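Below, chain A is the first sequence line, B the second, and so on; all start at residue 1. Values below: all heavy atoms of this structure, side chains included; hydrogens, waters and symmetry mates excluded. Being a predicted model, the structure only gives us computed values, none of them experimental.
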Amino acid sequence: MSEQSPSAAHDFIGKEYAAGFVTDVEQETIPPGLDEAVITEISRRKNEPDWLLEWRLQAYQRWLDMPEPTWAKVDYEPIDYQAISYFAAPTGDKPKSLDEVDPELLRTYEKLGIPLHEQEVLAGVERDPNTPRVAVDAIFDSVSLTTTFKEELQEHGVIYCSFGEAVENHPELVQKYLGTVVPPSDNFYAALNSAVFSDGSFVYVPKGVRCPMELLSYFRINAQNTGQFERTLIIADEGSYASYLEGCTAPMRDENQLHAAVVELVALEDASIKYSTVQNWYPGDEEGKGGIYNFVTKRGLCRGARSHISWTQVETGSAITWKYPSVILRGDNSVGEFYSVAITNNHQQADTGSKMTHIGRNTSSTIISKGISAGNSSNAYRGRVRMNPGAKQARNFTQCDSLLIGSKCAAHTFPTIESQRSDAIVEHEATTSKVSEDQLFLCRQRGIDAEKAVAMIVNGFCKEVLRELPMEFAVEASKLLEVSLEGAVG
Amino acid sequence: MKLLELRGLAASVDEKQILNGIDLTVNAGEVHAIMGPNGSGKSTLSNILGGRDGYTVTEGEIELMGAPVNGMSVEERALTGLFLGFQHPIEIPGVTNMEFLKVAIDSHRISLGEEEMNTRDFMVQVRDISKRLELSTEFLKRFVNVGFSGGEKKRNEILQLMLLQPRLAFLDETDSGLDVDALQVVARGINEFRSDENGVVLVTHYQRLLNYVNVDFVHIMINGTIVKSGDAQLAHEVETHGYTGLGEA
């Protein structure tokens with residue numbers, strides 16, 4: 001509907017997915033295919049203890065018996081799990097310091113604006129003494145390249161490292177908590193992840209410590225025909241606090257690639273975890289070719305009384321998103337939150353939402369979901385709020401808003417409430433609105449071009465969620481919304 | 001300087017012919033009123049000038065600031081100096097009035113090759129205009145037109161007019177739905193805006209706005225064409241005798 005000149009259209013195509021480049025490094029991969037030998041090989045390459053190999057193999061056996069879930073409102077060709085390679089890493093030993101990292105890899109992170117030197121700051125963030133610093137764990141395909149500010153964090157007793165290092169150096173913590181929130185048998189993709197997971201991040205914040213900086217894990221898929229199966233485990237001990245951010249990108253490729261991660265959060269008594277995601281995996285092209293299948297299981301356990309877990313996600317990428325960050329509110333007076341913005345454009349499909357399971361007394365949860373659909377895309381909110389018999393005076397508030405841009409996209413809402421308490425308070429509000437021709441005409445008549453107008457309206461629509469993001473990420477997320485919606489009008 | 005020239009303009013909406021040959025010239029320093037009964041094509045004229053989708057010029061020509069508008073997008077026409085005041089200003093939930101105004105003024109400045117407006121200067125200017133229009137600063141923090149009264153919506157249009165300082169303001173029924181007090185405030189805004197450099201076209205159903213704004217020309221529009229033009233006196237004739245009888249003039 002907007003009258004765009006050919007050059008404007010060209011500019012748009014040129015900048016649509018800035019992170020779509022490929023890094024040319026030598027890689028070693030395990031050939032495609034999945035069986036016990038492949039799992040044993042992954043475990044061997046990672047020098048894992050026997051108990052972990054055993055854990056993987058059990059998960060694999062479970063997985064073999066599980067059907068792939070088909071209930072989500074997404075549509076794709078069957079995945080051939082034997083055609084995927086389950087491990088890819090740049091060749092050579094793990095670098096001991098940044099000087100040993102392949103310069104080509106360093107340039108990759110430079111291009112992405114992710115600081116791997118401790119004196120650097122995130123791209124787009126002005127250096128301000130009041131800006132909290134950010135420690136980075138950089139995961140490239142199946143391995144972590146480096147983790148910054150490790151020593152300084154250690155002084156506070158905070159462990160922030162790759163999952164592999166945690167297995168090596170803190171096996172007792174890993175063994176104690178791994179799979180306690182998302183057991184291998186939880187679902188098809190969680191079982192697959194448990195069998196083949198490669199690297200991811202590990203965080204442990206000791207009793208009473210407030211983690212002095214933001215922790216950022218940056219996931220990059222680079223290799224072709226490989227899946228990424230990271231595993232993240234965050235434990236906040238009594239009275240501690242951590243804010244963790246994750247970002248992710250991948251090159252533009254014609255084939256679909258599978259990403260099946262598992263994230264487990266454990267908050268003990270009076271502990272608080274804030275987990276923020278800006279998901280920008282390659283979404284595929286305008287025709288719907290290529291893009292990442294993002295099939296992720298994220299769950300937090302409020303184990304102790306008065307613990308607090310908050311998920312904030314901005315989902316702009318991926319061809320298909322299947323993701324329900326959830327909280328199990330076991331501790332009395334614990335609090336769970338889910339703030340989400342999910343944007344789909346072109347042929348993207350998203351089925352995302354949250355589950356809040358109230359077990360403890362006086363627990364409360366909030367779900368704010370903002371879905372934006374444009375182009376030919378489909379965007380579904382799926383949520384489940386459950387009040388168990390012991391959840392005396394539990395409360396939930398859910399607000400679920402959909403915004404449609406154009407006439408070929410779809411928005412769906414699938415909320416479920418299961419309450420076994422008569423004293424529970426459960427509120428659900430839902431709205432659907434459309435960016436109207438009249439709104440666009442008003443904006444354009446005031447000199448604001450159509451894409452800018454849409455970005456402004458969408459930003460306004462998501463404001464409540466965006467303000468939950470740490471400042472470092474909010475700027476980035478807001479820009480990303482704009483880029484994701486380019487071509488949504490016109 | 002000719003700000004607007006219509007020569008034999010005919011136009012259709014969804015293939016229905018609405019405008020049937022309009023000739024009109026607006027020069028800098030002039031205020032025109034276009035009056036006519038409902039359904040005479042006044043709002044269509046506004047949309048066709050703005051370049052809105054679905055509105056098609058079937059014959060004749062439109063020139064803005066001396067150049068034909070053929071092929072110009074809605075925003076290009078706006079940036080060349082055309083401002084449309086809307087009869088029913090639309091709501092934009094989630095976007096604050098302040099934010100909307102800032103993006104709008106910056107779009108104008110960027111098109112002129114200037115830098116974005118300094119936030120402090122912007123605030124000072126917007127607060128000043130708001131005050132003159134008797135709008136509280138609280139009003140600037142609210143979402144664009146959301147929950148505004150009819151009078152507030154129209155004053156908000158005038159606020160945008162005064163901030164953006166267009167060359168030609170085409171105000172569609174800016175007076176409708178206003179009580180006498182609000183009407184006077186709106187009229188005051190228009191009077192403050194008008195200058196030797198710009199032009200104003202007031203589209204109105206009634207003569208009452210013209211009690212507060214002095215117009216140079218009055219045009220009577222019926223069935224998609226201007227049937228009679230004259231000076232302010234013509235508006236009084238309409239007030240006394242109605243539109244019937246003018247159609248065949």
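For the side-chain contact (heavy atoms from CB on, under 4.5 Å) test, residues two or more places apart in sequence or in another chain that qualify with B:Thr96 are A:Lys463, B:Met98, B:Glu99, B:Phe143. Scanning for side chain to side chain donor-acceptor pair (under 3.5 Å) contacts around A:Glu337 gives A:His308, A:Ser310, A:Tyr339, with sequence neighbours left out.
For the set B:Leu84, B:Leu79, B:Thr80, the count of heavy-atom pairs under 4.5 angstrom toward chain A peaks at B:Leu84. Interface check for chain A: of the options B:His88, B:His108, B:Arg52, the most heavy-atom pairs under 4.5 Å are formed by B:Arg52. In terms of heavy-atom pairs under 4.5 Å with chain A, the best-connected choice from B:Leu82, B:Leu164, B:Asn47 is B:Leu82.
Pairing each heavy atom of A:Arg446 with each of B:Ala104, the nearest pair is O-CB, 3.7 Å. Taking both residues in full, the closest heavy atoms of B:Phe100 and A:Cys443 are given as CE1-SG, 3.8 Å, listed atom of the first, atom of the second, then distance. Here the closest non-hydrogen pair linking A:Arg444 and B:Ala78 is O-CB, 3.7 Å. Closest heavy-atom contact between A:Gly447 and B:Ser107: O-CB, 3.1 Å. Taking all atoms of both residues into account, the shortest heavy-atom contact from A:Ile457 to B:Val95 is CA-CG2, 3.8 Å.
Note: A:Phe441 CZ to B:Ile90 CD1 = 12.0 Å, rounded to the nearest 0.5 Å. In this structure, the separation between CG on A:Asp438 and CD on B:Glu91 is 11.5 Å, given to the nearest 0.5 Å. Taking NZ from B:Lys102 and CD1 from A:Ile448, the interatomic distance works out to 11.5 Å, rounded to the nearest 0.5 Å.
Surrounding CD of B:Gln17 are more than 12 heavy atoms belonging to other residues, nucleotides or ligands, all under 6.0 Å away. Counted within 6.0 Å of CD on B:Glu197, heavy atoms from surrounding residues, nucleotides or ligands total 12 or fewer; the atom is thus considered open. B:Glu115 CD: 12 or fewer foreign heavy atoms inside a 6.0 Å radius.
Looking at B:Ile92, both its backbone and its side chain come within 4.5 Å of chain A, counting heavy atoms on both sides. When heavy atoms are compared at a cutoff of 4.5 Å, B:Ile110 does not approach chain A at all.
Checking side-chain atoms of A:Gln445 against main-chain N and O of B:Val74 turns up no donor-acceptor pair under 3.5 Å.
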